[in-house]
Amino acid sequence: MAAIGSSNIGFKLLKKSGWKEGTGLGAQEQGRLEPVETRVKNNKRGIGSKESKPKPKVEDDVEKDPQKPKQDMQSKKRAKLAAKRIRKIQEEEKRLQEKEFEMAFFREFWPDNV
Amino acid sequence: MGTERKRKVSLFDVVDETSVSAKLGRAATNGAAAAAAGANPTVNRWNGRPYSARYFEILEKRLTLPVWQQKDEFLRALRDNQTLILVGETGSGKTTQIPQFVLEAEGLGNRSMVACTQPRRVAAMSVSRRVAEEMDVTIGEEVGYSIRFEDCSSHKTVLKYLTDGMLLREAMADPLLEKYKVIVLDEAHERTLATDVLFGLLKEVLKNRLDLKLVVMSATLEAEKFQGYFSGAPLMKVPGRLHPVEIFYTQEPERDYLEAAIRTVVQIHMCEPAGDILVFLTGEEEIEDACRKINKEINNMGDQVGPVKVVPLYSTLPPAMQQKIFEAAPAPLKEGGPPGRKIVVSTNIAETSLTIDGIVYVIDPGFSKQKVYNPRIRVESLLVSPISKASAHQRAGRAGRTQPGKCFRLYTEKSFNEDLQPQTYPEILRSNLANTVLTLKKLGIDDLVHFDFMDPPAPETLMRALEVLNYLGALDDDGNLTQLGEMMSEFPLDPQMSKMLVISPKYNCSNEILSISAMLSDEDPQWCYENFINSRALKSADNVRQQLVRIMTRFNLKMCSADFNSREYYVNIRKALLAGYFMQVAHLERTGHYLTVKDNQVVHLHPSNCMDHKPEWVIYNEYVLTTRNFIRTVTDIRGEWLIDIAPHYYDLSNFPSCEAKRVLERLYNKRERERTTTRGRS
């Protein structure tokens with residue numbers, strides 16, 4: 001996901017209260033610039049255990065790997081419950097996810113392109 | 001998991017029993033003198049009644065707590081400083097004893113009030129009960145507590161335990177917190193959202209009130225950071241009461257931590273001397289699964305090994321089941337046979353909130369469910385994440401409560417050093433701050449940008465909060481609090497919900513919206529998760545409702561309902577819901593799945609929904625990030641209402657291109673045609 005743009009009312013309000021683009025918050029403007037990364041873990045791999053196929057690191061890595069949920073014990077039950085409803089849309093979703101992944105990938109490496 | 005594990009020296013202090021008893025004599029004398037602070041040692045200074053036998057019985061036990069050895073030192077430091085940082089491991093007795101020491105401080109007088117904050121409601125309640133017993137007074141009189149929706153204190157109260165969130169609310173009405181002479185911030189290392197805001201606030205208040213004193217209490221790890229933040233306030237250390245814990249790491253990373261955890265349980269049961277086991281896992285489903293597998297594995301081993309009692313522990317477990325963690329380990333099957341063992345499989349509620357005696361072995365796979373917030377997709381969710389070094393330390397400590405113990409970390413020492421971050425991110429960096437910003441505005445803090453946060457949040461998190469409050473009408477376009485915002489800030493609820501309540505009389509359904517809000521607030525899963533409480537058992541939604549009614553009445557908001565049989569009845573309620581939650585809308589695309597409006601995230605109706613069809617438009621209360629993105633607690637709404645109720649949000653000139661936009665365009669055009677026809681006719 002892209003950062004919040006300058007046309008956003010929240011962006012404008014923060015600027016109005018004295019924030020300068022590229023600086024952090026806090027008494028010395030020392031605060032972090034980027035939000036804490038969000039990662040969805042959908043397997044039981046232990047800490048430090050490498051993925052079998054290393055993927056490029058992507059920010060906000062949500063639902064980027066359509067193969068993994070299938071092996072996931074936790075999702076098995078849920079998947080069963082939802083199976084009937086989702087079968088029809090799964091193909092479409094996969095396509096969307098791949099596209100989303102690709103977008104995120106490009107954003108990461110060529111942020112100006114998106 | 002390799003069977004050969006790497007040994008590591010203990011991280012914990014050992015309490016030398018002889019030194020404790022040597023100092024005990026001294027402490028006891030101090031204690032007796034303190035008890036006699038009034039004229040007569042047999043009369044309770046607080047209520048003038050003679051002390052009960054129970055008082056002396058408890059006093060004897062209190063005197064053995066490590067913190068008593070430093071009572072004089074503490075009182076001197078308190079006298080000489082405005083701010084004081086006190087570091088003590090679990091088991092030092094600081095939470096119950098320090099506020100009582102403060103009451104004895106000279107110059108405090110008999111009627112000055114002391115506040116002690118707790119991050120958790122359950123702690124505020126149970127600790128205050130314990131302290132009332134220790135002081136031999138009735139709970140709710142001299143010692144009380146205050147938590148959201150429940151105030152158990154009176155004009156007589158001199159010591160009040162309250163959640164950090166409640167102290168923040170009190171500051172809204174009393175900005176300099178003038179009713180308190182001393183404020184104790186306990187469990188500061190947990191860095192809850194409210195504690196972090198209180199840090200910044202109290203730093204200001206202390207400058208304006210030289211008679212106010214602040215004691216910050218924390219577990220060891222972040223103490224120096226606190227010292228830097230509070231401009232070099234003195235630091236005092238209290239030893240904990242922990243036995244040495246040996247740490248073992250795996251030689252290789254684990255491919256499957258759940259499987260490894262189960263294997264380790266079995267291994268301990270076969271090879272290690274008596275002592276109960278605590279396993280940390282991430283959630284209900286995983287824990288139940290592990291319990292089944294452990295039982296199966298051990299049953300398969302027959303009577304070669306001792307009997308086991310496998311006990312799950314997580315917040316949504318019914319109270320009767322929760323009590324099982326306190327039951328004793330089973331006896332050996334036959335006399336002299338291998339010992340029985342209790343095996344507790346728990347979420348991280350057993351990490352800090354809850355102490356289970358008898359635990360000697362801890363298994364730590366290194367994960368927990370943590371709250372995260374991503375302002376870019378506006379989602380706050382609980383996600384399985386690696387724990388921090390500080391957490392790992394805390395977990396290991398759980399093995400050393402009753403005797404020397406062992407902690408098995410299911411990761412390598414290299415991973416511990418390189419992959420785990422030193423501290424868990426403070427909650428302020430992982431939360432939606434809309435409510436916090438509303439509170440800060442109400443507190444009169446206008447320069448949010450330079451507010452002295454210990455860890456300032458990312459600018460985008462604050463942007464999102466300002467945006468939400470502006471769209472809800474709580475802040476105007478200059479960022480000033482509006483009249484509506486003033487009202488909203490008085491409700492101890494999310495801004496969306498407060499807005500819906502304030503607006504509900506307009507839709508003639510405030511009675512119904514009050515009930516819905518009370519129900520939704522009572523079932524706070526995150527809170528339950530952290531507090532290991534079944535909320536149904538704790539407090540009825542009815543009490544919450546009454547509190548909300550009181551706030552409504554204060555603002556002259558009327559209680560009203562439409563005729564139950566009228567067609568409007570449910571329509572009104574749904575419209576009022578939308579008036580608060582118009583930023584949490586999803587649209588059903590032609591492809592058959594939902595996209596969140598504006599953010600275009602693919603979401604699915606949570607299987608728990610009770611609708612018989614898929615409505616074109618829904619509002620949702622909760623967005624759940626898992627392997628699939630779910631929206632939970634959804635309500636069917638109509639597209640027309642979006643442009644009627646929230647046209648400023650559904651302004652299409654500022655809208656990403658998508659199917660929902662095209663639908664809304666048609667709806668706007670339809671409205672326009674209707675208007676022209678009406679005009680034409682008249």
Side-chain angles (χ1 to χ4, degrees), chain A residues 1-4 7-14 16-21 23-50 59-60 62-63 68-69 72-75 77-79 81-82 85-86 88-89 92-93 96-97 100, chain B residues 253-260 285-286 289 365-367 372 374-377 383-386 410-412 414-415 419-420 425 429-430 446-450 452-453 455-467 470-471 475 478-479 591-593 602 604 607 625-629 654:
Chain A
M1 286 295 284
I4 298 172
S7 64
N8 181 286
I9 178 71
F11 187 102
K12 290 180 192 160
L13 284 172
L14 196 64
K16 268 190 190 166
S17 31
W19 172 71
K20 293 178 287 293
E21 273 185 77
T23 65
L25 308 179
Q28 273 83 49
E29 303 185 346
Q30 80 282 17
R32 59 185 299 128
L33 300 178
E34 292 280 313
V36 171
E37 202 184 335
T38 314
R39 272 176 174 279
V40 174
K41 178 178 172 62
N42 49 22
N43 57 40
K44 301 278 175 194
R45 283 188 174 276
I47 288 182
S49 168
K50 294 280 172 296
E59 202 191 349
D60 310 326
V62 181
E63 276 200 283
K68 257 185 276 163
D72 183 14
M73 312 268 292
Q74 209 179 342
S75 71
K77 222 178 181 178
R78 229 175 253 142
L81 279 168
R85 285 191 226 175
I86 63 171
K88 282 180 207 159
I89 59 169
E92 172 67 14
E93 213 188 307
L96 272 168
Q97 280 171 356
E100 203 186 327
Chain B
E254 292 293 345
R255 286 179 51 83
D256 182 325
Y257 69 81
L258 180 62
E259 197 188 295
E285 212 172 328
E286 191 179 78
D289 187 32
F367 292 102
V372 290
N374 185 338
R376 297 185 182 173
I377 53 170
L383 290 183
V384 174
S385 318
L410 303 182
Y411 37 89
T412 63
K414 185 166 174 281
S415 272
D419 298 343
L420 301 190
Y425 285 117
L429 301 181
R430 299 183 283 116
D446 289 322
D447 189 1
L448 293 175
V449 174
H450 298 103
D452 195 357
F453 291 111
D455 282 284
E460 284 174 69
T461 307
L462 209 55
M463 284 177 202
R464 207 49 106 185
L466 292 166
E467 179 195 23
N470 176 263
Y471 278 128
L475 297 179
D478 293 318
T591 46
H593 57 258
V602 181
H604 308 276
L625 269 183
T626 55
T627 44
R628 302 164 60 77
N629 297 341
N654 176 22

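A pairwise comparison of heavy atoms in A:K41 and B:Y257 identifies CE-CE2, 3.9 Å as the closest pair. Across all their heavy atoms, B:R376 and A:A3 have their closest contact at NE-CA, 3.7 Å. Looking at every heavy atom in both residues, A:V40 comes nearest to B:L383 through CG2-CD2, 4.1 Å. Considering all non-hydrogen atoms of both residues, A:G48 and B:D419 come closest at CA-OD2, 3.4 Å. Between B:P386 and A:I47, the shortest heavy-atom contact is CB-CD1, 4.0 Å. Nearest approach of A:F11 to B:M463, heavy atoms of both residues: CD1-CE, 3.4 Å.
Rounding to the nearest 0.5 angstrom, the gap separating the OG1 atom in A:T38 from the CD1 atom in B:I377 is 6.0 Å. From A:L14, atom CG reaches atom CD of B:E467 across 12.0 Å, with rounding to the nearest 0.5 Å. Here the CZ-CG distance, from B:R464 to A:N8, works out to 5.5 Å after rounding to the nearest 0.5 Å.
Taking 4.5 Å as the limit, every side-chain heavy atom of B:V372 sits out of range of all side-chain heavy atoms of A:E37. The shortest side-chain heavy-atom distance between B:D446 and A:S17 does not fall under the 4.5 Å cut-off.
Between B:P456 and the options A:Q30, A:Q28, A:R32, a side chain to side chain contact (heavy atoms under 4.5 Å, CB included) holds for only A:Q30.
When heavy atoms are compared at a cutoff of 4.5 Å, B:F453 approaches chain A solely by way of its backbone atoms N, CA, C and O. In this structure, chain A has no heavy atom under 4.5 Å from any part of B:D455.
Interface check for chain A: of the options B:V449, B:D478, B:L475, B:L466, the most heavy-atom pairs under 4.5 Å are formed by B:V449. Among B:G479, B:S415, B:S385, B:P365, the residue making the largest number of heavy-atom pairs under 4.5 Å with chain A is B:S415.
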